[in-house]
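Whatever order the structure lists ligands and atoms in, that order sets their numbers, starting from 1.
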Amino acid sequence: MKSNKNYSLDTRCVHSGIEDNEVGAVVTPIYQTSTFKFKDVDHGARLFKGEEQGYIYTRMRNPTVEACEMAVASLEGGAKALGCGSGMAATNLLLATLLNAGDHVVCSESVYGPTSTLLSTVYSRFGIKTSFVDTSDLEAIKNAINDKTKLIFIETPGNPTLVMSDIQAIADIAKPKGIKVAVDNTFMSPILQRPFELGADYIIHSMTKFLNGHGDVVAGMVVVKNEEEYPTFRKVLNHIGGVIDPFNSFLVHRGIKTLKIRMERHNENAMKIAEFLENHPKVDWVRFPGLKSHPQYEIGQKQMSGPGGMISFELKGGLDAGKILMNNVEVWQLAVSLGGVESLIQHPASMTHAIMPKEQREKAQITDGLVRLSVGIEDVDELIEGLNAGLDKI
Ligand code: LCS
């Protein structure tokens, strides 16, 4: 898309990142090459010196990867994006670029398990301390900040509790203190939540989820709001490696074309399923951003344009009932990951968040009986029937 015109998200999903190429291909081709030929020695030297732009080596730049990066940067309204080999690689790139020994991070306590352990077991070894707090509570954030705080990392809605944090209010606390705000926007995608417009400085994605949307890729992305910060991020990524590859970039870029309509269907299906569960006699409680019973319902209404496809709930029979449900559902597949066209069911305490210490899980309200759904785009009545196949057995 050459024009600078501010196209709608619908149009950007289809067209962003597609650049002219020599043969006029409508879709950016897969440049499945590790390296690129120089015209002569001086040309190679100029590229390395940065005197001339061009492709050198795929860890540094690749046209297929760039097309995917441009698409995500465009959708998020950021200056640039950096494709990573997984969502965790994206989080690692963000932390490795921003933090120095002695720095302090404030992180949402309800985050994807490995994000929490990356900070508490890897970055802690380099002298970086993290306070895990309930970031839906602005006072808790203010109390956690100290004069070493460099970064507030929020995941909203948080995995798996769907606790929501007010991005704008958090940016308002951070900005006067020179603290940066990063948002993991994986659960919402740029279609449903726009962190840069709310004051965030960085966005990360596990593109394994909604952005790709088809359960066949592991990939991540860091998006930076300000162009000036991009070269530093690029340099760190070039040196720590962990880049996305051309084929996965192609697949994610293809997935993005249908992101808008997929998110609409995720919203609709999940809303109906959350209401069904909330009214079911065997269900104790449901957490879903679209339900008025959600403790941060108002925050969701303010900063999200849809509730998304993720639901957490607990059955009255706790973990034992949850196991019967998960072992007997139909259509739903018992698997981790999320955000794909296919509906998945899983048990966070023994699966995605098993790596978190039990006390930390309990503090973050990741109860042993919590069941998490990733609602896909199938026929919603059949999804409900599929859940009933398990619920009836309890
Ligand atoms: N951020 C969030 C919010 C996630 O849910 C995940 C993965 C990641 C980052 C890391 O992304 P990855 O490296 O896997 O691409 N969440 C998973 C989950 O809930 N089940 O399996 C993976």
Review point. When you look at F196 and Y202, which way does the ring-ring contact (aromatic ring centres under 6.0 Å, His included) test go after all the steps?
Key: CA-CA 7 Å; F196 288 148; Y202 314 102; 8.1 Å; no
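Partner of Y112 under the side-chain contact (heavy atoms from CB on, under 4.5 Å) criterion, chosen from I355, T186, N159: N159. Here the rule is side-chain hydrogen bond (donor to acceptor under 3.5 Å, both in side chains) with Y123, and of N92, D103, T117, T130 only N92 fits it.
Heavy atoms from other residues, nucleotides or ligands lying under 6.0 Å from NZ of K175 number more than 12. Within 6.0 Å of CZ on R61 lie more than 12 heavy atoms contributed by other residues, nucleotides or ligands.
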Contacts under 3.5 angstrom, residues 208-219 side chains, donor-acceptor by atom type, not counting sequence neighbours:
from, atom 1, to, atom 2, distance (Å)
T208, OG1, S206, OG, 3.2
T208, OG1, A219, N, 3.1
T208, OG1, A219, O, 3.2
K209, NZ, S337, OG, 3.1
N212, ND2, D216, OD1, 2.9
H214, ND1, N212, O, 2.8

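Within 4.0 Å of ligand 1, heavy atoms belong to protein residues S86, G87, M88, Y112, E155, N159, D184, T186, F187, S206, T208, K209, A219, V336, S337, L338, T352, R372.
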